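All values derive from a computational prediction rather than experimental measurement. Note that these values count all heavy atoms, side chains included, but never hydrogens, waters or copies made by symmetry.
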Amino acid sequence: SNSFVEMVVILGAIFMGLPSPLTVTQILWLHLICDGPPDIILGFEPGEKNIMKERPRNMRKEKILDSSVRFMITSISVFVGIISLIVFSYYYKSSGDLTLARTVMFGTLASVDLIYIFSFKNLRKPLFKIDNFFKNKYLFLGVLYGFTLVFSAIYVPGISKALGMVAIDTLHWFPIIAVGISSIILVEIIKAFFNYKEKHNSNHETAVL
């Protein structure tokens, strides 16, 4: 969903007649944060307690991305992309400062990935019911690594200048964090819907048998 969000943002800006919300260097820096570390870190998740109680799956028919995951990727990408564009448009038009608007956009897209990754620890359980939530220490180290890159890009003068960004104040972080929290809520709603649907279908099959 991280890469799709960038596509939504860039294409959306073109249709809205806005300048590019991100520069090439900013996109490359985002990939240092969003691509690679989250994927690797989630591979260290401990096994679930009741995994052996689930019914076997037919691996020949199992899809890498089933309908629920495809729907989640699309929904998250469109939602975060649209909300981020609204934030970008607001700061650009209200301040007339493209560098500031791009910095807020960069912070939003980077932070969303580092915030909602916790919901992806388990797609079958709500966030507050995930087993061994704190056991994967690598995840927290990865998130710390990510935010270190975010703050370095925004607040370290040499890096900030090279990336075409400017230091932002505390107030700018409120919409950034709000978008991140909203993305978690959306992921949890989608998870709950498809898990309820799967449970309902399973109960129906059991009743028929």
Side-chain angles (χ1 to χ4, degrees), residues 1-42 73-120 138-187:
S1 59
N2 303 323
S3 298
F4 281 114
V5 166
E6 294 173 15
M7 292 173 59
V8 171
V9 163
I10 294 173
L11 291 175
I14 293 174
F15 286 117
M16 294 172 65
L18 295 170
S20 177
L22 295 167
T23 65
V24 174
T25 53
Q26 289 167 0
I27 292 174
L28 291 175
W29 195 268
L30 272 175
H31 285 195
L32 291 176
I33 301 168
C34 302
D35 294 343
D39 306 331
I40 297 171
I41 289 166
L42 288 177
I73 291 172
T74 304
S75 301
I76 290 294
S77 301
V78 173
F79 173 79
V80 174
I82 291 175
I83 297 299
S84 299
L85 269 176
I86 292 173
V87 173
F88 171 78
S89 178
Y90 168 78
Y91 279 107
Y92 174 62
K93 292 181 178 179
S94 62
S95 68
D97 190 339
L98 179 57
T99 302
L100 172 63
R102 281 175 171 168
T103 304
V104 175
M105 170 65 81
F106 173 89
T108 301
L109 297 187
S111 299
V112 163
D113 177 65
L114 297 172
I115 292 173
Y116 75 7
I117 190 173
F118 293 99
S119 281
F120 288 105
Y138 296 103
L139 180 60
F140 295 93
L141 291 175
V143 171
L144 178 62
Y145 154 83
F147 273 112
T148 300
L149 290 182
V150 174
F151 293 135
S152 297
I154 296 175
Y155 295 108
V156 175
I159 300 176
S160 178
K161 184 177 180 180
L163 294 175
M165 290 192 280
V166 64
I168 57 178
D169 58 36
T170 305
L171 290 177
H172 294 120
W173 283 100
F174 283 104
I176 292 174
I177 300 302
V179 175
I181 294 175
S182 299
S183 66
I184 284 184
I185 294 173
L186 179 59
V187 172

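- In this structure, CE in Met165 is found 7.5 Å from OG1 in Thr23, a value given to the nearest 0.5 Å.
- In this structure, Leu28 CG and Leu163 CG are separated by 9.5 Å, a value rounded to the nearest 0.5 Å.
- In this structure a side-chain-to-backbone donor-acceptor pair under 3.5 Å is missing from Thr99 to Val166.
- Annotation for Phe4: atom CZ does not count as buried by contact number, only 12 or fewer foreign heavy atoms lying within 6.0 Å.
- Ile154 has its side chain out of reach of Ser160: every pair of non-hydrogen atoms, C-beta onward, lies at least 4.5 Å apart.
- Tyr90 OH to Ile86 CD1: the interatomic distance, rounded to the nearest 0.5 Å, is 13.0 Å.
- Using a 4.5 Å heavy-atom threshold, the side chains of Phe88 and Val9 count as separate.
- From His31, atom NE2 reaches atom CD of Glu6 across 3.5 Å, with rounding to the nearest 0.5 Å.
- In this structure, Leu18 and Ser89 approach most closely via the heavy-atom pair CD1-CB, 4.0 Å.
- Gly81 approaches Val8 most closely through the heavy-atom pair CA-CG1, 3.8 Å.
- Across Asp97, Val87, Leu109, a single residue satisfies side chain to side chain contact (heavy atoms under 4.5 Å, CB included) together with Val104, and that is Val87.
- At least one side-chain heavy atom of Ser111 sits under 4.5 Å from a side-chain heavy atom of Phe147.
- Listed by chain and number, the residues in a side chain to side chain donor-acceptor pair (under 3.5 Å) with Ser119 are Glu188 (sequence neighbours excluded).
- When every heavy atom of Gly12 is checked against every heavy atom of Leu85, the shortest pair comes out as CA-CD1, 3.6 Å.
- A pairwise comparison of heavy atoms in Pro19 and Ala13 identifies O-CB, 3.8 Å as the closest pair.
- The CD1 atom of Ile27 sits 4.0 Å away from atom CD1 of Ile10, with the distance rounded to the nearest 0.5 Å.
- Side-chain contact check for Thr148 versus Ser152: some heavy-atom pair is nearer than 4.5 Å.
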For residues 176-187, which side-chain donor-acceptor pairs fall under 3.5 Å, sequence neighbours excluded?
residue: Ser182; atom: OG; partner: Ala178; partner atom: O; Å: 2.8
residue: Ser183; atom: OG; partner: Gly180; partner atom: O; Å: 2.5

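- Every residue two or more places apart in sequence or in another chain that forms a side chain to side chain donor-acceptor pair (under 3.5 Å) with Tyr155 is listed here: Trp173.
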Exercise for the section: Any chance you could lay out the ring pair (Phe, Tyr, Trp, His ring centres under 6.0 Å) test for Phe140 and Phe118, step after step, and finish with the verdict? Expected result: CA-CA 9 Å; Phe140 295 93; Phe118 293 99; 5.5 Å; yes

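- Taking the side chain as every heavy atom from C-beta outward, Leu114 and Val150 approach each other to under 4.5 Å.
- A distance of 11.0 Å separates OG1 in Thr108 from NE2 in His172, rounded to the nearest 0.5 Å.
- The backbone N or O of Ser20 sits less than 3.5 Å from a side-chain atom of Arg102, completing a donor-acceptor pair.
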